[in-house]
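Single-structure report; data block below.
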Amino acid sequence: MGQLICTACKATYPADKPRWRCDCGSVLDLDFTPVFDLAKIARRKPTMWRYREAIPIAEDNAIVSFDEGFTPLTEVVFEGKTVFIKQDHLFPSGSYKDRGASVLVSKIKELGIREVVEDSSGNAGAAIAAYCARAGIGCTIFVPEHTSAGKLAQIQLYGAKLNKVPGTREDTARAALRAAEKTYYASHSWNPFFFHGTKTFAFEVCEQLGWRCPDTVILPAGNGTLLLGAYLGFQELRQAGITYRIPAIIGIQAENCAPLCRALQNSLTEIPKVKGGETMAEGIAVAEPVRGKQILNAVHQSGGRFIAVSEAEIKESLLEMCRQGHYIEPTSAAAIAGIKKYLPESRPGEVIVSVFTGHGLKATEKMLQLLGRGGPG
Ligand SMILES: Cc1ncc(COP(=O)(O)O)c(C=O)c1O
Ligand SMILES: [Zn+2]
């Protein structure tokens, strides 16, 4: 099922051997040609696996799934303007990371791997732990020690080993890299199979719009697993002749940790070193995104850009969404704050899509802080 290809030196490797990085140290992509049979797709169950021939898993019996995906694309009105929001906080583990985890853990099962490590700000770790539980694969998840308690509980209750690392998100990544020298690295940012799961976001959006491509897609951007996956998915649909263009992709970062924003603003080709400041958007607090250059290229090629949002804007958007009945976590509210900043420059009739990435129930202690309380009571 395709071959792995290095994004830097173009070396190729067979995809049926366990490998997550090029010998030169760079990230790998998967060279794979998807097939879309729209009539067949329409007859299948409403899950992300309805695009079966577009997902690079050879054997059906390797598929690890909870019948996830095909999340509702719901209209939300912001000051008179409608935005279509994908409710990806409704996935089994409570975030869109299940898209990537379902495909990556299927690949891991296909490869016959019995034990993996992964590092995460919490949600990807929870998703990998859930799918490993389903597949009976052992896993150890590395997280920053200040990760939301709800995500930590979830990881442990799924039966994964939890390793809390003091320091920044980057310190956690380094700890997992050391462990990955001995065990397979089920990394959502390094492993290309994760992106062949998150790309189903684009397939679903286009199908739900009547196989039409939206004009603009507004997505949170940390390691870019959703952004790059969506870009790949929109490109695959265009290459297959199902749509004829791709949308402009707007990436949203927290002002306190915005290396991609900074790079694009200053026309840099390398990602600048930023000191990751505190942000309530823990999922996008990524100071050194491993696929940073790819993310910049995707946003640039799509005709989009980045928008940075402040802590006050994230908080206001979170409160606004909750008051409308959408219980999302603070990281997801960063994308909503981005929508609010983008809308004044949108055109009448522009079809804009965004996403609720994670469920509010995962971040109860942060939600309590919004009420002005440090804890229950
Ligand atoms: C709730 C939530 N939203 C958005 C993101 C953004 O991540 P990425 O850019 O890696 O897709 C994350 C990552 O952990 C997350 O947990
Ligand atoms: Zn290489």
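All ligand and atom numbering here is 1-based and tracks the order in the structure.
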Ligand 1 to Glu329, heavy atom cutoff 4.0 Å, flagged ligand atoms 1 (C)

Distance col, row Tyr185:OH vs Arg21:CZ, nearest 0.5 angstrom, shows 9.0 Å

side-chain contact (heavy atoms from CB on, under 4.5 Å) with Glu75: of Thr82, Ile85, Val83, only one passes, and it is Thr82

The answer for which part of Ser121 has a heavy atom under 4.0 Å from ligand 1 is side chain

Around atom NZ of Lys81, are there more than 12 heavy atoms of other residues, nucleotides or ligands at under 6.0 Å?
-> yes

*Is Lys151 salt-bridged to Glu329, cutoff N-O under 4.0 Å?*
yes

Taking a cutoff of less than 4.0 Å between a non-hydrogen atom of the residue and any ligand atom, is Ser95 in contact with ligand 1?
no

At the Zn ion (ligand 2), SG of Cys22 and SG of Cys9 open up to roughly (10° bins) 110°

Practice problem: Check whether any N or O atom of Gly222, backbone or side chain, sits under 3.5 Å from an N or O atom of ligand 1, and answer yes or no. | Solution: yes

Checking heavy atoms under 4.0 Å, the part of Asn123 that sits near ligand 1 is side chain

Exactly one of Ile63, Thr47, Ile41 clears side-chain contact (heavy atoms from CB on, under 4.5 Å) with Arg52, and that residue is Ile63

Check: Taking N or O atoms only and a 3.5 Å limit, does Tyr96 qualify as a polar contact for ligand 1?
Finding: yes

Distance-only N or O hit between ligand 1 and Thr225, under 3.5 Å:
yes

for atom 2 (C) of ligand 1, nearest protein heavy atom and its distance come out as Thr357 OG1, 3.4 Å

| query | Quick one: does Lys97 get within less than 4.0 Å of ligand 1, heavy atoms only? | reply | yes

Separation between CD1 (Ile328) and OG1 (Thr331), nearest 0.5 Å, reads 9.5 Å

In sequence, state the C-alpha distance, the side-chain angles, and the governing distance for Phe66 and Phe91, and then conclude on ring-ring contact (aromatic ring centres under 6.0 Å, His included).
-> CA-CA 9 Å; Phe66 296 99; Phe91 268 94; over 10 Å; no

On a heavy-atom basis, the closest approach of Arg305 and Ile307 is NH1-CG1, 3.4 Å

Short version for Ile284: what comes under 4.0 Å of ligand 1, heavy atoms counted, is side chain

Looking only at protein heavy atoms, what sits closest to atom 12 (C) of ligand 1 is Gly283 O, 3.7 Å

Practice item. For ligand 1, find out whether one of its N or O atoms is nearer than 3.5 Å to an N or O atom of Thr331. Key: no

Quick note on ligand 1: atoms under 4.0 Å from a heavy atom of Ala221 include exactly 9 (O)

**Request:** Tell me, please: is Gly224 in heavy-atom contact with ligand 1, that is, under 4.0 Å?
**Result:** yes

Q. Is the shortest distance from a Lys or Arg side-chain nitrogen in Glu110 or Lys107 to a carboxylate oxygen in the other one below 4.0 Å?
A. yes

request  = Using modelled atom types only, decide if a donor and an acceptor are shared between the side chain of Lys341 and the backbone of Ala308 within a distance under 3.5 Å.
outcome  = yes

Within the 4.0 Å heavy-atom cut-off, what His188 brings close to ligand 1 is neither

Query - Carboxylate-amine/guanidinium proximity below 4.0 Å for Glu282 and Lys366 - result: yes

Angle subtended at the Zn ion (ligand 2) by Cys24 SG and Cys6 SG, to the nearest 10 degrees, is 110°

